[in-house]
Structures are given as C-alpha cells and as structure tokens.
Protein chains: 2
Amino acid sequence: MSETDLPAPPWDRNRRRPAPAKVPLTRERIVDAAFTVLDREGYDRFSMRQVALELGVAVSALYVHVANKDELFELMYNRTFDGAELPDPDPENWQEQIKEFARRGRARLRSHRDLARISMGHVPFSPELLPHVERLMAIFRSSGMPDLVAAMAGDLLSTYIEGFCLEESMWLERYRDMDEATWETKRNEIMGYFAELPPDRFPNMVAMAPYMVDESNDYRFELGVDILVRGLASYIGRASGSAGSAAP
Amino acid sequence: MSETDLPAPPWDRNRRRPAPAKVPLTRERIVDAAFTVLDREGYDRFSMRQVALELGVAVSALYVHVANKDELFELMYNRTFDGAELPDPDPENWQEQIKEFARRGRARLRSHRDLARISMGHVPFSPELLPHVERLMAIFRSSGMPDLVAAMAGDLLSTYIEGFCLEESMWLERYRDMDEATWETKRNEIMGYFAELPPDRFPNMVAMAPYMVDESNDYRFELGVDILVRGLASYIGRASGSAGSAAP
DNA sequence: TTCTAGCATGAACAGTGTTCAGCAGACAAG
DNA sequence: CTTGTCTGCTGAACACTGTTCATGCTAGAA
C-alpha cells in the first residue's frame with residue numbers, strides 16, 4: 001500500500017491529475033463503452049464525449065485509438081459480427097439456410113439499440129467481414145442460381161434485413177417510453193385512422209387496414225424473406241437472368 | 001422610387017436593419033432553399049444556418065414556419081412526390097407497372113444529392129402521400145395476390161428502392177470529386193482486390209469478382225426489381241401466404 | 001539515476017440545433 | 001392623423017457537437 005492510495009491533499013488537488021487508469025485504453029474497451037452509451041442514450045444522443053465520460057477519460061484520448069466517430073461506428077459494426085457463423089452449404093436446403101441467415105441478421109441488428117441506423121449504408125467488405133460474405137455466397141451458389149443473381153442476392157437480402165430493422169427500430173424508439181396501455185390505445189388510433197379513411201377515395205387502404213398494422217413484425221419479416229427467396233428460386237435452372245417476365 | 005431604394009448612409013449602417021424581404025417567408029420558399037443547400041453541400045454539411053443564409057434571413061426566422069430540422073426534412077421528402085403519378089391498375093400488366101414504379105422511385109431519389117439519406121426511415125403515411133400508397137396498393141391487388149402479400153409488397157419494394165439508392169449515393173459521394181481517369185484506376189483496384197484474394201479461402205468471392213463491381217447500376221437495379229416481382233408473382237393463385245417452401 | 005517515447009490531458013476552435021426577449025412595420029380602430 | 005395591437009423577423013444566447021494541439025505526466029530502457 002503505497003501513499004498513492006491516499007487521497008491527494010486538498011492544496012494540490014488542482015496540480016495532481018487522477019491516477020492513470022490501471023486498465024490501459026484500447027480499441028476494444030472504447031467499443032465496449034460505445035455500446036454502453038448507445039444502449040443508454042440512443043443514436044441521436046450518442047457522442048464522443050459520452051463515450052469518454054463512460055470510460056472516465058478525456059475526449060481527446062479516444063482520438064489516439066480511433067480516427068473519428070465514423071471509424072468508431074465501423075468498429076462497432078464489425079463487432080456485431082463476432083461469433084456469427086454460417087453453415088456449410090447444403091444444396092438441398094439452401095432456402096432454409098438463407099432464411100436462417102436472415103433471422104440471425106435481424107437478431108444481430110436488434111441486439112443493440114439503434115444498431116440498424118449504424119449498419120445502414122455499411123458495405124461488409126472489410127477484411128474482418130469478407131469471410132462471412134464468402135460463406136453466404138457459397139450457399140447462394142450451391143443452389144444453382146446464376147452467379148449474377150447470386151451476387152445480387154447478397155445485396156438484396158442485406159438491404160431487406162437492414163431496411164426492415166431500421167423501420168422496426170424507428171417504431172420501437174417512438175414508443176420507447178410508453179406503457180402497454182397507452183401503446184394499445186395508440187395502436188387502435190392508427191388502425192382507426194386507416195379504417196376510417198373515406199372509402200370512396202381510399203378503397204384499398206381501407207380494405208387492407210388490418211394487414212397494415214395488425215400483423216406481428218416476426219411474421220411480416222418472415223413473409224418478406226419468403227418473397228425474396230421465391231424470387232431467387234425462380235432463377236434456378238433457366239437461362240441466366242434477363243429481365244424476362246415472371247413465374248410459372 | 002422611395003428613399004428606401006437608396007443605400008443606407010454609412011453612419012447608421014449598424015442601426016438600420018436590412019429592409020424586410022419583399023417576398024414573405026413561406027414553407028415553400030424554405031423548402032426550395034433547403035434543396036439548394038442540400039444539392040450544394042450534401043447531407044452532412046446541411047444546416048439550418050446554411051438554409052437561412054441562402055434566404056438572406058436569420059436562422060430563428062425559419063423556426064416560425066418550421067418546427068425543427070426533422071420537420072423540414074419531412075417537408076422536403078413530401079415535396080419529392082409532387083407530380084408523381086401512378087397509372088390505373090391494369091391486371092394484365094401489373095408486373096411492368098410495378099417495375100415502372102420502381103424506376104421512377106429511383107429517379108426521384110436521384111433527383112437531389114443525398115436525398116436517399118433523408119428518405120430512409122420515412123413512412124409514407126402522411127396525408128399528402130396516402131393517395132400514392134392507395135394507387136400502388138390498387139396495382140398490387142389487381143394482380144390477384146393475397147392482401148397480406150400486397151401489404152408486404154409495398155414495404156418490400158420501398159425498402160429495396162431506398163436501400164439501393166442509399167448505397168448508390170454513398171458510392172457517388174465517395175467518388176464525387178474524382179475525374180474519370182482516377183475513378184477508372186480506383187475501380188480496377190477494387191476489382192483487383194477481389195480477384196486477388198487467396199483462392200483457397202475465398203473461392204466464391206474470386207469467382208464472382210466480375211459481377212461484384214462490373215455490372216452497371218441500372219442493370220443491377222433492374223435485376224433486383226425482377227427478383228422481387230417474381231417472388232410476388234409466385235403468390236398469385238395459391239392459398240394465402242404461409243411461409244411454405246418455394247417456387248415451381 | 002537519467003533519458004526518451006508514447007499516451008492522456010485540458011483548452012480551444014469552429015461549428016451545430018433551438019429558444020427567447022424585443023423590435024420594425026403593416027394594418028385596423030379611433 | 002394618431003394610436004395600438006399583432007405578426008414575423010432579429011440578434012444574442014445556451015448547451016451542445018466533432019476534432020485538434022501544445023503541454024506535461026509516467027513507465028520503461030539505458
């Protein structure tokens with residue numbers, strides 16, 4: 001027990017600095033803290049200052065390890081893929097494999113508040129993420145679809161997952177601090193809004209009001225994935241993809 | 001010609017204020033200016049101060065007409081739908097109608113710099129936009145697909161269009177101030193990066209390198225829409241959509 | 001013990017969105 | 001022609017933001 005354990009005498013409180021962190025600052029620790037802040041504050045209130053505060057460190061210290069806010073977001077984005085694994089391709093079963101990939105993608109994007117906002121527009125071509133893309137492509141190609149379609153499929157699926165989760169998270173944020181009861185009333189308001197539109201001008205909206213709000217997000221997500229997978233499947237065993245007309 | 005047309009004498013330049021704008025400030029004019037600023041500065045440098053500057057007006061004046069930045073973005077978003085028209089549903093031709101809708105959606109999102117970033121996450125349920133959704137739904141329903149699928153189709157298609165345009169615009173921004181030559185080299189660099197990955201660990205990426213970069217955006221967009229439309233078509237004339245297995 | 005290299009510091013800069021007391025000018029009432 | 005209210009704009013301020021930089025502390029090497 002050296003004297004450094006004692007509190008600094010009041011007269012030189014200003015001269016002394018706080019003891020240097022026992023744990024050195026690293027990118028890993030910064031990313032950890034960043035997630036803590038994101039979960040607590042959300043995307044809009046996320047700031048470098050909050051992250052520094054969380055670590056008990058000056059803001060400028062962060063910039064020694066991280067070039068800027070964007071790079072920090074990219075590190076966070078990469079981090080969310082830790083432990084994500086894709087199975088070996090099984091040509092008989094590619095559709096289910098793709099659907100499972102989509103489900104896990106959604107789960108990943110829901111694992112932190114507003115994560116979808118950070119993910120949006122990130123292309124997963126960093127060295128850390130390439131193996132994931134490789135394995136996804138393996139599954140697509142094993143299905144027998146043309147390479148051009150497979151290349152598009154990856155984009156298409158990722159766009160869908162991210163877009164869906166973004167929209168989902170916006171609703172979640174909007175109703176974040178609402179108890180079950182007020183949320184129930186709010187939902188009825190929305191349903192009512194659609195149902196009570198003038199039926200002469202909005203016949204289709206009125207007819208579809210139940211489906212616009214009522215279906216659970218899980219089911220909607222699954223349906224979307226199914227539509228995509230069916231579209232992809234329609235390209236198997238044909239001439240490669242010109243924009244010809246559709247199905248059976 | 002009253003004396004107000006003369007320049008103010010130098011000694012009371014500080015006392016006098018600039019003559020009140022002959023043209024009164026309106027939401028319309030603010031939105032116009034906002035687009036000018038957006039096109040010049042891009043999303044990241046867009047600010048209320050810049051908009052005010054563009055109009056020759058104090059920042060706080062904007063807040064008389066517009067609640068906040070988000071509302072201004074929403075007004076801009078709505079504005080982009082001005083003059084967008086959808087045809088009457090033609091059941092024989094719904095697929096082409098949908099594709100045309102998608103093309104126009106992309107054109108709309110490309111009509112202003114970074115517009116895709118503003119659009120993302122906006123739900124088109126404002127009173128101004130409901131008629132558009134109504135007509136889109138009319139086309140979907142005329143195809144004979146189950147209502148539940150039609151409801152999903154709108155979301156799915158919008159998500160695709162916006163996601164595609166967002167990604168597209170990020171590349172456009174990244175290479176905004178690059179001449180044709182350096183862009184050519186850059187593109188070859190990227191192609192090379194994929195082509196020269198270790199082929200034992202990345203066989204699929206290497207095989208698909210040409211398709212990842214080479215295809216034009218127009219063609220990629222068209223292909224994506226085609227996949228979606230085929231997926232939707234596969235739901236026509238069957239029992240309504242449980243997530244059963246796929247195509248023909 | 002001395003030196004050095006690297007890391008964290010606080011202060012500063014140039015911006016941001018948003019609010020608010022107060023004033024200029026137009027228009028209506030007397 | 002005066003008076004007064006009302007509206008819409010102003011300027012200044014607040015509380016933040018991301019990012020940079022000279023300064024100086026501290027740990028490990030010589």
Side-chain angles (χ1 to χ4, degrees), chain A residues 2-5 8-9 12-31 33-34 37-38 40-76 114 117-118, chain B residues 2-6 8 12-31 33-34 37-38 40-76 114 117-118:
Chain A
S2 78
E3 51 118 33
T4 54
D5 286 306
D12 62 3
R13 272 268 165 76
N14 296 339
R15 229 182 43 78
R16 288 243 183 141
R17 330 199 138 192
K22 303 102 211 160
V23 193
L25 208 49
T26 61
R27 288 174 151 236
E28 307 309 319
R29 287 189 61 225
I30 292 176
V31 173
V37 171
L38 185 68
R40 194 194 325 121
E41 308 286 339
Y43 183 87
D44 288 322
R45 303 198 152 164
F46 179 97
S47 78
M48 298 301 268
R49 258 140 178 126
Q50 286 289 330
V51 176
L53 212 87
E54 181 69 28
L55 289 160
V57 123
V59 211
S60 38
L62 303 178
Y63 286 87
V64 177
H65 304 270
V66 155
N68 49 36
K69 201 187 181 184
D70 275 352
E71 191 186 278
L72 177 51
F73 279 153
E74 204 179 308
L75 291 174
M76 295 169 78
D114 280 341
R117 301 230 340 238
I118 291 178
Chain B
S2 78
E3 50 119 35
T4 55
D5 285 305
L6 299 172
D12 63 3
R13 272 267 166 74
N14 297 337
R15 227 182 44 77
R16 287 245 182 137
R17 332 198 137 191
K22 303 104 211 161
V23 193
L25 208 50
T26 61
R27 290 177 149 231
E28 308 308 320
R29 287 190 61 225
I30 292 177
V31 173
V37 171
L38 185 68
R40 192 193 328 121
E41 308 285 339
Y43 183 87
D44 288 323
R45 300 196 157 168
F46 180 97
S47 77
M48 297 302 268
R49 263 150 174 114
Q50 287 288 332
V51 176
L53 213 86
E54 181 67 29
L55 289 161
V57 123
V59 212
S60 36
L62 303 178
Y63 287 88
V64 178
H65 304 271
V66 155
N68 50 37
K69 201 187 182 184
D70 275 352
E71 192 187 277
L72 177 50
F73 279 152
E74 205 179 308
L75 291 175
M76 296 169 79
D114 280 340
R117 291 202 29 210
I118 290 178

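Given the structure is predicted, the values throughout are model-derived calculations rather than measurements.
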Residues passing the salt bridge (Lys or Arg N to Asp or Glu O under 4.0 Å) test with A:Glu41, sequence neighbours excluded, are none
How close do B:Val51 and B:Ala34 get, heavy atom to heavy atom, and via which atoms?
-> CG2-CA, 4.0 Å
When every non-hydrogen atom of B:Ala61 is compared with those of B:Leu25, the smallest separation belongs to CB-CD2, 4.0 Å
For residues 62-74 of chain A, which side-chain donor-acceptor pairs fall under 3.5 Å, sequence neighbours excluded?
| from | atom 1 | to | atom 2 | distance (Å) |
| --- | --- | --- | --- | --- |
| A:Asn68 | OD1 | A:Asp70 | N | 3.3 |
| A:Asn68 | OD1 | A:Glu71 | N | 2.9 |
| A:Glu71 | OE2 | A:Arg27 | NH2 | 2.8 |
| A:Glu71 | OE2 | A:Ala67 | N | 3.3 |

Protein N or O to nucleotides 15-18 of chain D N or O, pairs below 3.5 Å:
| from | atom 1 | to | atom 2 | distance (Å) |
| --- | --- | --- | --- | --- |
| D:dT17 | OP1 | A:Ser47 | OG | 3.0 |
| D:dG18 | OP1 | A:Met48 | N | 3.3 |
| D:dG18 | OP1 | A:Lys69 | NZ | 3.2 |
| D:dG18 | OP2 | A:Met48 | N | 3.1 |
| D:dG18 | N7 | A:Arg49 | NH1 | 2.4 |
| D:dG18 | O6 | A:Arg49 | NH1 | 3.4 |
| D:dG18 | O6 | A:Arg49 | NH2 | 3.2 |

Side chain proximity check, B:Ile118 to B:Leu38, heavy atoms < 4.5 angstrom | yes
For the pair made of CG in A:Leu62 and P in C:dT9, what is the distance, rounded to whole Å?
-> 9 Å
Can a side chain N or O of A:His65 be found less than 4.0 Å away from OP1 or OP2 on C:dA8?
-> yes
Selection residues 43-60 of chain A - residue pairs positive for side-chain hydrogen bond (donor to acceptor under 3.5 Å, both in side chains), sequence neighbours left out = A:Arg40-A:Glu54, A:Asp44-A:Arg117
Which nucleotide in the list D:dC21, D:dG8, D:dG11 gets nearest to the side chain of B:Val64?
-> D:dG8
Mind pulling the stems DNA chain D is in, i.e. runs of at least three Watson-Crick or G-U pairs, everything under 3.5 Å?
-> C:1-30 with D:1-30
Heavy-atom distance under 4.5 Å between the side chains of A:Asp114 and A:Phe46, does that happen here?
-> no
